[in-house]
Amino acid sequence: MDQQSGRRLLLPLAWLWRLIASPKAGQPLPEHWYVRPLAVLGIMLSFLIAYAVGSDEVPIDVGRDVGNALDDAVDWLTSNVSWFFQSIKDVMTWFLVSLEDMLLWFPWPAFIAMTGLICLLMVSWRMAFGSVAALLVLAVFGLWPATMETVALIIVTVTLSIAIAVPMGIWSSQSDRLDVFLRPILDAMQTMPSFVYLVPVVAFLGLGNVSGVLASLIFAVPPAVRLTNLGIRQLPAETLEAAESFGATQRQMLLKVKIPLAIPTIMAGVNQTTLMALSMVAIASLIGAGGLGLKVYQGLGRIEPGNAFIAGLGIVFLAIIMDRVTQALTRRQQEAVSGD
Amino acid sequence: MDQQSGRRLLLPLAWLWRLIASPKAGQPLPEHWYVRPLAVLGIMLSFLIAYAVGSDEVPIDVGRDVGNALDDAVDWLTSNVSWFFQSIKDVMTWFLVSLEDMLLWFPWPAFIAMTGLICLLMVSWRMAFGSVAALLVLAVFGLWPATMETVALIIVTVTLSIAIAVPMGIWSSQSDRLDVFLRPILDAMQTMPSFVYLVPVVAFLGLGNVSGVLASLIFAVPPAVRLTNLGIRQLPAETLEAAESFGATQRQMLLKVKIPLAIPTIMAGVNQTTLMALSMVAIASLIGAGGLGLKVYQGLGRIEPGNAFIAGLGIVFLAIIMDRVTQALTRRQQEAVSGD
Amino acid sequence: MTAAEGRTALSIRGLYKVFGDSDLEGLELSRSGQSKDEVQEATGAVVGLRDITIDIAQGELFVVMGLSGCGKSTLVRCINRLIEPSAGEVWIDDRAITGMADDELRETRRKDLAMVFQHFGLMPHRTVLENVALPLEIGGVARRERRERAVNALELVGLADWIASMPNQLSGGMKQRVGLARGLAMETPILLMDEPFSALDPVIRRDLQDELLALQSSVQKTIVFITHDLNEAVRVGDRIAIMRDGEIVQLGAPNDVVLNPVDAFVREFTQDVRLHGMVTAASIMDSSAEALAGPTEDRYVVREDAVLDELVPAGLSATQPLQVVDDSGNLVGVIPLQRLARAMVSDEAAAAIAAE
Amino acid sequence: MTAAEGRTALSIRGLYKVFGDSDLEGLELSRSGQSKDEVQEATGAVVGLRDITIDIAQGELFVVMGLSGCGKSTLVRCINRLIEPSAGEVWIDDRAITGMADDELRETRRKDLAMVFQHFGLMPHRTVLENVALPLEIGGVARRERRERAVNALELVGLADWIASMPNQLSGGMKQRVGLARGLAMETPILLMDEPFSALDPVIRRDLQDELLALQSSVQKTIVFITHDLNEAVRVGDRIAIMRDGEIVQLGAPNDVVLNPVDAFVREFTQDVRLHGMVTAASIMDSSAEALAGPTEDRYVVREDAVLDELVPAGLSATQPLQVVDDSGNLVGVIPLQRLARAMVSDEAAAAIAAE
Amino acid sequence: SSDDEQQQAVAEQPQQEQQQAAEAAQPEQQQQQAMQAEQPQQEQQTVAAAQQQAEQQEQAAAQQSQQPQQQQQAMQAEPKDPIVFSDLNWLSAEVQTRVVSYIVEHGYGYPTELVAGDTVSLWAGLTNNDTHVTLEIWPAQQPWIDELDEGVIELLGDSLDENWEGWVIPQYVKDANPDLVSVFDLPDYQELFVTADSRGKARFVGCIAGWACELVNLNKVAAYGLEDVVDVVDPGSGAALFADLEGAYARGDNWLGYIWGPTKPTATLDLYRLEEPEWTEECWNGDQGCAYPSSEVRIAVNTSLLDRAPEVIEFLRAWDYSAAEQIDTEIWMGDNDETPDAGAIWYLQNHQDAWMSRVPADVAERVLAALAEES
Ligand SMILES: Nc1ncnc2c1ncn2[C@@H]1O[C@H](COP(=O)(O)OP(=O)(O)OP(=O)(O)O)[C@@H](O)[C@H]1O
Ligand SMILES: Nc1ncnc2c1ncn2[C@@H]1O[C@H](COP(=O)(O)OP(=O)(O)OP(=O)(O)O)[C@@H](O)[C@H]1O
Ligand SMILES: [Mg+2]
Ligand SMILES: [Mg+2]
């Protein structure tokens, strides 16, 4: 292709890009009188074209080819980048196993008592009673080891989520470009059905709790990134202006003002992340993660909805306890920071 | 049991109930100096007891019995209440099939043009381009019929969710008692893994899209209830006070003031509901629902992550389009109502 | 000034309001004479109002003022029971609103009590017209009539051109005009106004005060007007009640309050008011028999309600004490020039002389 | 009053600020003399400041006032470049802050410019002490020294007992004291104050004004003080600039502004100020040769900066025109009693006479 | 347009009639589509059409409305209710289901539908009469098949002969360790399979949660005395089990676990099956310390079908799909990156001897006729 025709091809693309990238592209069409008639006309036109072309079928179908190419890519990654995943896996496995051992070493009455006390100090009498009762129910239903495994999974998932999400949220709060770039990715992470990535995750990391954690991470990270970003971006302009007027550098602003003030919102992100991680517990058991999720999945596989329900109830109990405790934490942070 | 001992048994229960139901039960333990030492002591005591009793195992296990009893209950319901579910199913099936037929009758270029126009008028140029591009990708990937089936599923799920959730939200905004009662139920609906209720749902409603809708409903209803409730409860006291000072009855307050003002928050609930419904699309395919979710599930079963990914991308695209459009709607409502 | 001579339209007797869980104990303590702080210390209950008794005459513009948190809003909300009083009674004409059942109360709110709010309390989802018509709609007035009444009220406040606008298209002053129109459209004998102009710019604020006074001279409602601004109070009020910690510390005509503050608190409060328009001949004249018997020739005559700003020019051209006469021309006192000069020197001196 | 005689500490020359997407076009139009509304009409850009030129002397307390939205905040924020000016220069001593690179600007903000905010701008997660020390921390001052300086500043504003409290435990007035202390602790020659007292109750407000004046008499900073309240401006200001629509419509000493409003806008604005403390002998005296040559016996002598409140007592005891002398005792004019009486009658008359 | 008119015309018919007409005319429609497809990308087009058809049977009525009116009336003579197949989500079942439904549809003239879902949901659907035929039931694996007692479900012929279950390692592991021959050699090679989370034991990937083999494997571990040697990992789902094996294979990792065949990995990967003691009834009823028997895999139908379609029941009783056929098809699909829909057509075209021996001649005739239209 000579330069001339190359340029001819690029020009409309460049124009399109300009149109999409311009700040006006971020606004709805202004409401001129001719907008609605034109809209109706456009739709009628596309009807006409559709009938003129004479077919309701989409003329091309490249889905299978693209899909197969992607499969090949996953295969390639599996064979060639596995050392990378393998090293992640080793670290995480060690972490998970030790945590689970620790939790199981803990006598169960002590764990229940501690949970009750935390609720009592942080949330309320009512919640303390509720959590103790809920955990006792789980214990006498024979779900204690499964519960502890799930707790370990959640703790690891949440910890990793925070470790990934908070820096990313902070970073994207500082860069509009990164923010715009990340947003659809986060959307995709949250809405992509987990069935899609279960197989690649297993291919990369093998079966087991680590894969479960990774699959949960994909789902659990976005809210923490979003809320960290939001928490920093939504800070009152007056407070930031004050710090700026003292001649603070970007770094000082971030460390001394923005992050401390955004803590409550970041905590709300942690709360969300915890719940998301819990909601993945059952799905994670499809790729070998254990705990309550596995019990649920086994109940499904054995057509024992009653047993699945009991294990599911365990997840609900854990979710409510973790939600209330992290919410209480958020509220405390909020109180510490509110009412300038 | 004679009356005397019956009463003796009930007394501590009544006392416990008084403790839990008292308003003080809703607050954390006050921070006296002796609270922390006592807490540590309590935990150490439970350690000691655990070791003294000599076993880390929970002594009782009634889980299986309870689970089996629940199974029986489900069986009983299946055999005896099926006429009820059947009639629901017939109505919903008719609705779903007609909607899907209509969407598929629509020439695909017209559908894409319309979506683009809606985005253009409601959201932005950028989104209009994006949505048209995304739908075109789905079309050439051979996912058009599946996409339309999913759209039909989502529309029905969201419509039903709103029909259920908004009145419930309004009602619970008017009654603290109902609110307190509903909250754990909503929590459970959102955190109970869907694997738990898949089998009972099939037992009641059979395989197919209708079951998929019902399973999605369980997950999609809570945010709309919550946000409707919140939207009404969070209204500015000044505005309500004004209406009250004119001598408005409860009913007038609700119809003329509270609900109109809460519309933006209710719309935010609809947005959430839509996303929740979409996130259930893949799971619903476990019980015979079709569309993009089924493609994902088939990709999982065939170990073709690439093809699953493409179908998953379809879900992501739909989610982003629906999210942005409902968000734009929410924003419009917000603008109409903001800045008293 | 229509002062408290007319028929009593609104009567508040022994009103208490105690907020909080232990409100009954708080009420008991408050009744036994303990102060707001003492009650709060002892029971945790917040005393909002303490033994308020006021009679407001038909057609009077009664101003309640005080610092933030003194209980002004609580008082006005107890009148229409947006806040339920802890004890005491509120009478409208011959009906005790404090004893009414729910539907009777609603009826009274619709027919007798309109209210205007500091934060306007407009419904953002309704047009200006619909906002003004809302109370009528709630009161069951027919569509045509409520439109008519709403348009009339909006004309009265000069917003006839804005009836189709949404509240968020209006400026603050216009919003408050809508709030006022809404109160007027209800055509109630009583209008409660809780800091109606506090959220506004000073210039707009003065406009609205003028408008209120003009309106009041034509519609002659009984108005309870809350403000924390003494200038405003003095400007619009027939009588002023000054509150502190839930109690009324002083109640009287504007010049009375300004010139005879009962204590240091009220004095500090009234410091910023321009006294020269407030000090009258009557308040600084010497009406002792001895003074009246002084030299009578070449005296300048002034009316007893002439204010300082009028007295001084007279004084400057006079060489003898000014002669103060009442409406019927009778001599009621004299003002020696020395005394006038002292009154000029400072506000405090004027107040001191007045208080002598 | 230290007026504009000293060395110029802060100099603003031809400053423009236009907000919006089409700010450059807006600037062009604004420069070509179009008004704020015209520019907004034509380009959608909002003119925040238009051709502002001011010299502020070392140690001067310079007040900027005007209605909401006139550009006061924009002006003060252009001085430390919290808002980037569209055109024009700001000089601090002999350095143009408008041309500075980022790190130089930061250095200047740390060393030369402190700012106090209407909304306090305290960091809710830090104690009072940590709040006051924050700018020093940012400026890299050593821990010990910053603690010392912060405590000193807090003592200066009377909050030494509160150093360990959190901001949300303080009342509004106390919060603003913390804000003030923070500004003082920075020990900068220039202090920018954007409506520092507007959010406060009137009584607390006066306290803080007094405190500011007392402080200023000891520390002698160059202060740019923003307010929308003329009483406050007159009370604290050495000079006052009145803004409207981004322009300075009048600039002068307080009594100058009050007595000689350049137009109806400024007059309306200044209506509420108590003139009697403002009108001086100099402003109403007749200094024509003819008047000076008038009857000279039995004249009462007053100083030329005596205010009306002082003149009247003198006038009341006089029978001939008052004689006005300057600091060195030279006769500079006379005030006929008739004229004094006219000045008394009303504020407007006084202003009119002054303007003659 | 003419389409619109037809739509209306159809709409005037009673609902029931319309439905039946639509279903009956199904084969006709397929023919038409097939005939149009004389274009370069023939195969792909056909596949697309077939795929679409399989998934959209529910909308048969809607599609039908676009058919010429006369045809509808002609076909109304022998209306048949559709037969619904459970579309299980593993490959052998997917291919088989499509093959059988193709034969039932074109050979026996029943409209067919496929409903997808997971195993237990589909089982529940079968007992509910939502679906009528499930082609791969592993009674040995699925302990919940007690529903049979109620006379709701009938097990018919064998469906996947020559299937096997066992413990495997990749062939390259075997090559590297030639002496690792039987399960009893495992203690010597424990170290090979240790991973970070296997707590020092050999990682052994077990059977899918909820299946009988889950427990059998545990019994075997005990019987072989391997409790201290292997750590049994629950793979969750079949997909995860396969993905784990394929991933390990691609990396060349040492892998030990349970698998059954024919499945995609057993067809495509080179695996070595560890030796176990011969299966005996006695051992199987005892500690289960012996090899898996070849499971019977059965076809299950809802009893409602017995009276309704006796000829189809007859066919299903005779149906005897073998593992070899499946493996052959899977290999073709793997080589061509094709879907089970295409795989089924390919099988019908290339394994005619196998399937034709299981159906009457006239049926075979009709199927062949339909197949001829496919390409
Ligand atoms: N709902 C409530 N619960 C507890 N205390 C209350 C409540 N409402 C008001 N108070 C207290 O009652 C007192 C009087 O409040 P009120 O709102 O009447 O003051 P105000 O004079 O209107 O003040 P402002 O000028 O700020 O409007 C205050 O001390 C306030 O804290
Ligand atoms: N970031 C901005 N973008 C656009 N316009 C702005 C911006 N900031 C201020 N303006 C406009 O500039 C003008 C001056 O605003 P500024 O905040 O300086 O007013 P102000 O005098 O401080 O008012 P106030 O008394 O309310 O604080 C106003 O018309 C305002 O709308
Ligand atoms: Mg109030
Ligand atoms: Mg400002």
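Lettering follows sequence order; numbering is per chain, from 1.
More than 12 heavy atoms of other residues, nucleotides or ligands sit less than 6.0 Å from atom CZ of D:F19. Counting non-hydrogen atoms of neighbouring residues, nucleotides and ligands closer than 6.0 angstrom, the CD atom of D:E41 reaches no more than 12 such neighbours.
Contact count against chain D (heavy-atom pairs under 4.5 Å) is highest for A:T249 among A:L240, A:L261, A:V257, A:T249. Among the candidates D:M166, D:K111, D:Q118, D:R109, the residue making the largest number of heavy-atom pairs closer than 4.5 Å to chain A is D:R109. Between chain A and the options D:R81, D:R182, D:M115, the largest number of non-hydrogen pairs under 4.5 Å is found for D:R182.
Across every non-hydrogen atom of A:S245 and D:F117, the tightest pair is OG-CZ, 3.7 Å. Heavy-atom minimum distance, A:A242 versus D:G121: CB-O, 3.6 Å. In this structure, D:L122 and A:T239 approach most closely via the heavy-atom pair O-CG2, 3.8 Å.
No side-chain heavy atom of A:F246 sits under 4.5 Å from any side-chain heavy atom of D:E137.
Within the 4.5 angstrom heavy-atom criterion, no atom of D:E107 approaches chain A. Residue A:E241 touches chain D through both its backbone and its side chain, counting heavy-atom pairs closer than 4.5 Å.
Note: A:K256 NZ to D:R126 CZ = 6.0 Å, rounded to the nearest 0.5 Å.
No donor-acceptor distance shorter than 3.5 angstrom exists from the side chain of D:H125 to the backbone of A:Q333, with no hydrogens or angles considered. Panel note: side chain A:Q252, backbone D:I138; a donor-acceptor pair is recorded below 3.5 Å.
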